[in-house]
Amino acid sequence: MSKKDYIFPFIERANQETIDLLLEASTYARAIHGRSQAMSSSPRQLLINCEAMRMISRLARIMAWILQCKAAPSPSVGLQKDGDDGQPLDENELCMDTNGNDDARLPFELRVLLQRSYGLYVRVARLDAMIRKGQDEIGPGAFGGFTARLVGQ
């Protein structure tokens, strides 16, 4: 079995979890839209907006990674192990930063969304790192506990 056969269920689960989180974030954004206009110039609102953008950045990076994994490579290009694969997910300082996850100045709902987006980002970054190793075969035991939430919830 190739590594893609083992990884595909994890990618699909991450895809669904990302979509669910995007929908929750969208619902949250609509709910606070009216409240944010009343205090749009406050430093707290700026902090809220910055952390919301961090969450959006995480989810966008995850979705881009998932779509890249699902895309079939062009026959002329093939799978290039020595080519530029872009920045590994775990090297993105903005997305790996956890400052807002427990900041009491942020609304509770946003902190929960930030924590969940960070957890998902870290799990997908580990899958990315595993794929980048270039192993020809990855057995089911190689995934370990970090992907437990990506399957069987």
Seminar exercise, completed: CD1 (Ile56) and CG (Leu21) are apart, to the nearest 0.5 Å, by 11.0 Å
For this session: Please name the pair of heavy atoms, one in Cys69 and one in Ile11, separated by the smallest distance, quoted to 0.1 Å.
Result: CB-CD1, 3.7 Å
Exercise. Looking only at heavy atoms, what is the nearest atom pair of Ala129 and Asp90, with distance?
Worked result: CB-OD2, 4.5 Å
Problem set entry | Closest heavy-atom pair and its distance - Ala25, Met55 | CB-CE, 3.6 Å
Exercise. Do you know the tightest heavy-atom contact between Leu110 and Ala52?
Worked result: CD1-CA, 4.3 Å
For this session: Please say which of Leu114, Val122, Leu120 ends up in a side chain to side chain contact (heavy atoms under 4.5 Å, CB included) with Tyr118.
Result: Val122
Exercise. Within the side chain of Thr98, is there an N or O that forms a donor-acceptor pair under 3.5 Å with the backbone of Asn101?
Worked result: no
Problem set entry | Sequence neighbours excluded - salt bridge (charged side-chain N to carboxylate O under 4.0 Å, His left out) pairs with any residue from residues 49-63 | Glu51-Arg54, Arg54-Asp97
Problem set entry | Test item: Cys95 and Leu89 side chains (from C-beta on) under 4.5 Å apart, heavy atoms | no
Seminar exercise, completed: Note: Leu22 and Met63 closest approach over all heavy atoms is CD1-CG, 4.2 Å
Exercise. Taking Thr27 for the side chain and Leu23 for the main chain, is one N or O donor matched with an acceptor at less than 3.5 Å?
Worked result: yes
Problem set entry | Between CD1 on residue Ile66 and CD on residue Glu17, distance to nearest 0.5 Å | 9.5 Å
Problem set entry | Stepwise side-chain contact (heavy atoms from CB on, under 4.5 Å) check, Asn49 with Gln45 | CA-CA 6 Å; Asn49 290 342; Gln45 185 60 36; 3.0 Å; yes
Problem set entry | Backbone N/O of Arg44 and side chain of Arg105: donor-acceptor pair under 3.5 Å | no
For this session: Mind checking the CD1-CZ spacing from Ile131 to Phe10? Nearest 0.5 Å is all I need.
Result: 11.0 Å
Problem set entry | Non-hydrogen atoms of Ser57 and Leu94 that approach each other most closely | OG-CD2, 3.7 Å
Problem set entry | Pairwise side-chain contact, Leu59 with Tyr121, heavy-atom cut-off 4.5 Å (strictly under) | no
Problem set entry | Any donor-acceptor N/O pair, Arg111 side chain to Leu106 backbone, under 3.5 Å | yes
Problem set entry | Heavy-atom side-chain contact between Leu46 and Ser42 under 4.5 Å | no
For this session: Before giving the answer on side-chain contact (heavy atoms from CB on, under 4.5 Å), spell out for Trp65 and Leu127 the whole-Å C-alpha distance, their side-chain angles and the decisive distance to 0.1 Å.
Result: CA-CA 10 Å; Trp65 182 85; Leu127 286 173; 3.9 Å; yes
Problem set entry | Flag, side chain of Thr18 to backbone of Ala14, donor-acceptor distance under 3.5 Å | yes
Exercise. CE of Met96: more than 12 outside heavy atoms within 6.0 angstrom?
Worked result: yes
Exercise. Between Arg116 and Glu24, is there a salt bridge with N-O shorter than 4.0 Å?
Worked result: yes
